[in-house]
Novice: 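Okay, handing you the structure first.
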Protein chains: 4
Amino acid sequence: MSKLLPGRVRWRQAGIVESPAGRAARMGCVSSQRREQIVEAAVRVVAREGSHGLSFAKVVQEAGLSSTRLISYHFGTREALLAQTFEHVLARAAAFMGPQIAAQTTVRAKIGTYIRSNLEFIATDPVYARAAIDLAGAVGAATGGGGLALLEDGFRRGQEAGELRAFDVHTAAVALRGAIDATVLDIVNAGADTGRAAAELAELVDRAIRA
Amino acid sequence: MSKLLPGRVRWRQAGIVESPAGRAARMGCVSSQRREQIVEAAVRVVAREGSHGLSFAKVVQEAGLSSTRLISYHFGTREALLAQTFEHVLARAAAFMGPQIAAQTTVRAKIGTYIRSNLEFIATDPVYARAAIDLAGAVGAATGGGGLALLEDGFRRGQEAGELRAFDVHTAAVALRGAIDATVLDIVNAGADTGRAAAELAELVDRAIRA
Amino acid sequence: MSKLLPGRVRWRQAGIVESPAGRAARMGCVSSQRREQIVEAAVRVVAREGSHGLSFAKVVQEAGLSSTRLISYHFGTREALLAQTFEHVLARAAAFMGPQIAAQTTVRAKIGTYIRSNLEFIATDPVYARAAIDLAGAVGAATGGGGLALLEDGFRRGQEAGELRAFDVHTAAVALRGAIDATVLDIVNAGADTGRAAAELAELVDRAIRA
Amino acid sequence: MSKLLPGRVRWRQAGIVESPAGRAARMGCVSSQRREQIVEAAVRVVAREGSHGLSFAKVVQEAGLSSTRLISYHFGTREALLAQTFEHVLARAAAFMGPQIAAQTTVRAKIGTYIRSNLEFIATDPVYARAAIDLAGAVGAATGGGGLALLEDGFRRGQEAGELRAFDVHTAAVALRGAIDATVLDIVNAGADTGRAAAELAELVDRAIRA
DNA sequence: TATGAATGAGTGTTCATTCAT
DNA sequence: GATGAATGAACACTCATTCAT
């Protein structure tokens with residue numbers, strides 16, 4: 001494995017050389033206007049070409065930077081840039097969806113709102129939505145996809161409250177995320193009607209899980 | 001515009017030079033032991049590294065070929081290799097799932113079997129399953145993802161027969177495929193229990209769509 | 001269409017990524033010792049093997065560089081390198097011929113000096129002369145071959161001054177350039193006597209156009 | 001020099017392996033409908049992309065052949081194909097121009113007709129005209145450009161007959177060919193008026209050389 | 001904090017040619 | 001006379017990264 005990596009990479013991986021990325025990561029924020037400018041350009045590139053298609057050169061162009069050196073300076077590796085980009089879009093999605101979900105009182109209503117607000121997020125910000133799904137697959141998989149835990153907790157609370165029937169919360173959470181992501185892509189790619197899809201999907205899910 | 005392109009690229013793009021790939025494609029099969037050897041190596045590479053990670057060099061190594069020239073000779077472009085690999089994998093999945101689904105008489109049973117056999121396919125051939133999902137995203141998206149039409153037709157027949165309630169078949173089909181793919185990846189990556197997941201997912205779906 | 005192109009090709013074509021080439025081009029010079037080193041090696045390669053025969057690898061060898069990456073870093077594409085090489089060569093020829101022509105007062109004398117200094121340029125710098133002719137065909141054709149306009153203007157002024165008879169200046173300019181280039185190649189390839197050829201050609205041309 | 005060539009080439013160059021090409025060349029004809037089909041396709045390719053741009057693959061496509069093997073079978077090397085193609089177009093041009101020139105009695109008229117018929121050949125067969133010029137540069141240079149000898153002989157006879165003044169026939173022949181070729185390209189590329197150009201060029205040349 | 005220059009490994013694809021029927 | 005398969009070298013070009021200021 002490590003045989004395949006250029007030696008320079010390993011140094012950074014081993015944390016021998018600390019970059020600003022390391023510092024910022026420890027501080028849990030993106031900080032600095034430069035970093036933000038780069039991350040937002042990365043979001044657009046990922047939305048357009050997928051996370052596999054992201055390259056330093058493309059980000060340089062998208063952000064109007066002078067050299068790729070700026071990126072490696074601020075983020076270290078490509079992987080790190082992708083990770084921070086993922087956090088960035090996740091934060092944006094959470095800021096959009098979170099309050100709406102929190103405003104609901106019953107678990108069934110929260111789930112429905114989770115679905116609806118997720119799909120509405122596309123209309124609000126299709127670029128971020130697209131990037132979010134792609135990054136969830138590429139980065140989220142590597143980091144463990146923590147988003148599922150929240151969903152599983154919600155299901156569990158709904159079952160304890162008697163709102164939802166008994167079912168395996170992990171399987172349901174995985175399936176729901178997959179269903180939503182596929183629907184988002186369908187809307188983004190094929191231009192389906194967001195409101196209709198949201199209502200239909202929410203109904204499908206509610207019937208699947210309600211007591 | 002076209003002036004700037006190296007001439008070599010252009011004519012293969014335009015399909016000017018017919019490669020063995022062209023012939024085989026017209027005949028609708030992979031044919032030739034060499035081609036099959038290459039496609040099967042490609043399946044393994046895609047399963048391991050994703051379709052974006054597939055390179056001619058990796059296929060050469062995986063298949064034990066002498067040079068990448070063999071691949072471009074037989075398939076022309078990387079895209080064509082990926083497309084044929086997708087077909088190959090799809091055919092295998094269809095051969096596994098098709099008869100089981102056909103053996104069912106009711107639509108609800110067919111849907112349940114579609115889900116179960118799809119997940120069981122992982123246990124039978126995890127490499128092909130992984131490749132199938134990845135290729136469906138990368139190649140299937142480009143070609144229009146014809147698999148959905150079958151699902152939508154099934155739903156429609158179920159509705160006409162009174163087995164299924166009224167719902168938007170397209171939304172449901174998209175959601176179901178997304179749910180299954182996510183579940184497959186979860187099983188493959190996290191090692192969840194296939195039987196349990198299949199039963200749970202089938203139950204979720206049945207409740208969502210039955211009349 | 002554009003789907004089939006490897007993404008990397010596209011953005012350089014679109015000029016998305018600005019390379020040092022872009023900067024230098026805007027500044028209207030070659031600048032930087034590295035760039036000059038590369039261009040001069042390119043001149044020698046073109047003189048030896050023709051512009052079609054120029055490859056990054058040959059330039060690397062000729063210039064003693066460490067990798068072809070240096071060329072694409074500084075010039076972007078092969079086409080751009082060729083274009084800059086053409087400019088370089090043209091500038092050298094103009095520096096040699098320009099003052100001599102400017103020193104003449106009559107148009108007939110200017111034309112004669114144009115021919116003679118052009119052929120003498122070969123003796124001074126056969127490598128540059130060879131490269132100039134080849135690049136004029138390959139690159140100049142694409143860019144419109146502006147050199148002709150100067151010749152046509154000269155003819156026109158001569159006609160207005162009564163030095164030259166009435167004739168179609170475009171046809172004459174094209175023919176003269178073709179005649180000179182063919183003569184240069186003949187000298188370079190067959191080793192004809194430059195002085196003799198210059199005198200003979202000048203006489204032919206003068207008789208053809210004088211009033 | 002020979003170091004750079006793949007070993008296989010050298011065998012053929014050394015004449016160790018004789019191909020049908022060798023046989024046909026000895027017999028001084030193209031023969032065989034297959035060979036003709038290939039040569040004519042090669043003419044079209046050269047006209048379109050230049051002789052440097054000719055490749056076996058492109059000829060295969062242009063001629064609708066099944067494999068490049070057919071070309072190497074019939075012609076041996078790429079160089080040989082180019083040479084035979086050059087002969088082919090030269091023969092066509094000669095068949096068009098020869099009789100017209102022969103019909104003239106004075107040398108001055110022959111020269112004028114040489115120029116006019118050469119330019120008219122473009123209108124008759126622009127593809128062959130384009131290919132002829134390109135091949136004359138690429139192949140003709142290598143083989144010594146025998147066409148010039150005829151022109152020089154004509155000039156000499158004109159001088160002996162007192163029709164033409166004393167001038168160096170070689171320089172004049174080279175210049176005339178260069179002038180004509182440049183004019184042909186100008187017509188083909190820029191769409192100049194053939195009749196006008198022919199008349200103008202003939203007048204220029206006549207004034208340059210007449211006694 | 002910033003950046004111009006450099007780099008070695010890698011990409012897919014085309015090249016003319018030969019091997020073996 | 002014909003041809004499908006194979007091949008190693010070459011092609012322009014991009015990759016993420018490091019060096020040196």
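Letters A, B, ... are given to chains in the order of the sequence lines, protein chains preceding strands, and every chain is numbered from 1.
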Novice: Check the distance between dC13(F)'s P and Phe75(C)'s CZ and give it to me in whole angstrom.
Specialist: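 Rounding to the nearest Å, CZ of Phe75(C) and P of dC13(F) are 13 Å apart.
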
Novice: Does Tyr73(C) place a side-chain N or O at less than 4.0 Å from the phosphate oxygens OP1/OP2 of dA5(E)?
Specialist: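 Yes, Tyr73(C) has a side-chain N/O under 4.0 Å of OP1/OP2 on dA5(E).
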
Novice: Does Ala41(D) have any side chain to side chain contact (heavy atoms under 4.5 Å, CB included) partners at least two apart in sequence or in another chain, and if so, which?
Specialist: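 Expected list: Arg44(D), Val59(D), Glu62(D), Ala63(D).
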
Novice: Should Arg34(B) be listed as having a side-chain N or O under 4.0 Å from OP1 or OP2 of dA6(F)?
Specialist: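 Checking Arg34(B) against dA6(F): at least one side-chain N or O falls below 4.0 Å of OP1 or OP2.
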
Novice: Hey, can you pull the residues of residues 51-58 of chain B with a non-hydrogen atom under 4.0 angstrom from DNA chain E?
Specialist: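 Residues of residues 51-58 of chain B under 4.0 Å from DNA chain E: Leu54(B), Ser55(B), Phe56(B), Ala57(B).
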
Novice: Do the side chains of Val45(C) and Thr85(C) get nearer than 4.5 Å, heavy atoms only?
Specialist: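 Thr85(C) vs Val45(C): side chains apart.
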
Novice: Would you indicate, yes or no, if dA2(E) has its OP1 or OP2 atom less than 4.0 angstrom from a side-chain nitrogen or oxygen of His74(A)?
Specialist: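 Yes, because at least one side-chain N or O of His74(A) sits under 4.0 Å from OP1 or OP2 of dA2(E).
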
Novice: So what does Ser66(B) hit on the nucleic acid, given a heavy-atom distance under 4.0 Å: a base, only sugar-phosphate, or nothing?
Specialist: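 Sugar-phosphate only.
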
Novice: I'd like to check the side chain to side chain donor-acceptor pair (under 3.5 Å) partners of Thr68(D); sequence neighbours left out, ordered by chain and number.
Specialist: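 Counting only residues at least two positions away or on another chain, Thr68(D) forms no side chain to side chain donor-acceptor pair (under 3.5 Å).
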
Novice: dA5(F) C1' sits how many Å from Gln37(B) CD, rounded?
Specialist: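 Taking CD of Gln37(B) and C1' of dA5(F), I get 13 Å after rounding.
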
Novice: When you measure from the side-chain N and O atoms of Ser72(B) to the phosphate of dG12(E), is any distance below 4.0 Å, counting only OP1 and OP2?
Specialist: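 The answer is no; no side-chain N or O of Ser72(B) sits under 4.0 Å from OP1 or OP2.
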
Novice: Between Gln84(C) and Ile38(C), is there a side-chain heavy-atom distance shorter than 4.5 Å?
Specialist: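 No, too far: nothing below the 4.5 Å cut-off.
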
Novice: Once side chain to side chain donor-acceptor pair (under 3.5 Å) is applied, do any residues pair with Glu49(B), and if so which ones, sequence neighbours excluded?
Specialist: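 Side chain to side chain donor-acceptor pair (under 3.5 Å) list for Glu49(B), sorted by chain: Lys58(B).
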
Novice: Closest approach to the side chain of Thr77(A), judged atom by atom: which nucleotide of dA2(E), dT7(F), dT17(F) is it?
Specialist: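 From the listed options, dT17(F) comes nearest.
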
Novice: Which part of the nucleic acid does Arg78(A) contact within heavy-atom distance under 4.0 Å: base, sugar-phosphate only, or nothing?
Specialist: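 Result for Arg78(A) = sugar-phosphate.
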
Novice: Once you round it to whole Å, what is the distance between P of dC15(F) and CG of Leu81(A)?
Specialist: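 It works out to 14 Å between those atoms.
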
Novice: Check the distance between dG4(F)'s P and Arg35(B)'s CZ and give it to me in whole angstrom.
Specialist: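 Rounded to whole Å, this separation is 14 Å.
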
Novice: Excluding sequence neighbours, so at least two apart, what forms side chain to side chain donor-acceptor pair (under 3.5 Å) with Ser55(C)?
Specialist: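 Side chain to side chain donor-acceptor pair (under 3.5 Å) check on Ser55(C) returns nothing, list empty.
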
Novice: What integer distance in Å separates Leu65(C):CG from dA5(E):P?
Specialist: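 Distance, rounded to whole Å: 15 Å.
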
Novice: Got a minute to check which stems DNA chain E is part of, using Watson-Crick or G-U wobble pairs under 3.5 Å, three or more consecutive?
Specialist: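 Stems for DNA chain E, defined as runs of 3 or more consecutive pairs: E:2-21 with F:2-21.
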
Novice: For Leu70(C) and dT18(F), give me the distance from atom CG to atom P, rounded to whole Å.
Specialist: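 Atom CG in Leu70(C) sits about 18 Å away from atom P in dT18(F).
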
Novice: Distance check needed: dT17(F) P versus Arg69(C) CZ, whole Å only.
Specialist: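 Going from Arg69(C) (CZ) to dT17(F) (P), I get 14 Å.
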
Novice: Measure from the side-chain N and O atoms of Asp134(A) to the backbone N and O of Gly50(A), and report whether any donor-acceptor pair falls under 3.5 Å.
Specialist: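 Not confirmed, Asp134(A) side chain does not pair with Gly50(A) backbone.
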
Novice: Is Thr68(C) side chain donor-acceptor paired with the dC11(F) base, going by distance under 3.5 Å alone?
Specialist: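 Checked by distance alone, the answer is no.
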
Novice: Quick check with a 6.0 Å cut-off and a 45 degree axis cone: is Arg35(D) positioned over the face of Phe75(D)'s six-membered ring?
Specialist: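 Ring-cation test returns yes.
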
Novice: Within this structure, what is the CD1-to-P distance between Ile71(C) and dT14(F), rounded to whole angstrom?
Specialist: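 About 13 Å, once rounded to whole Å.
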
Novice: Is there a donor-acceptor contact under 3.5 Å from the side chain of Arg78(C) to the main chain of Leu54(C)?
Specialist: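 Flag set: sc Arg78(C) to bb Leu54(C) pair under 3.5 Å.
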
Novice: Can you sort out the partners of Glu40(B) under side chain to side chain donor-acceptor pair (under 3.5 Å), two or more places apart, ordered by chain and number?
Specialist: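 With neighbours one apart ignored, the set is empty.
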
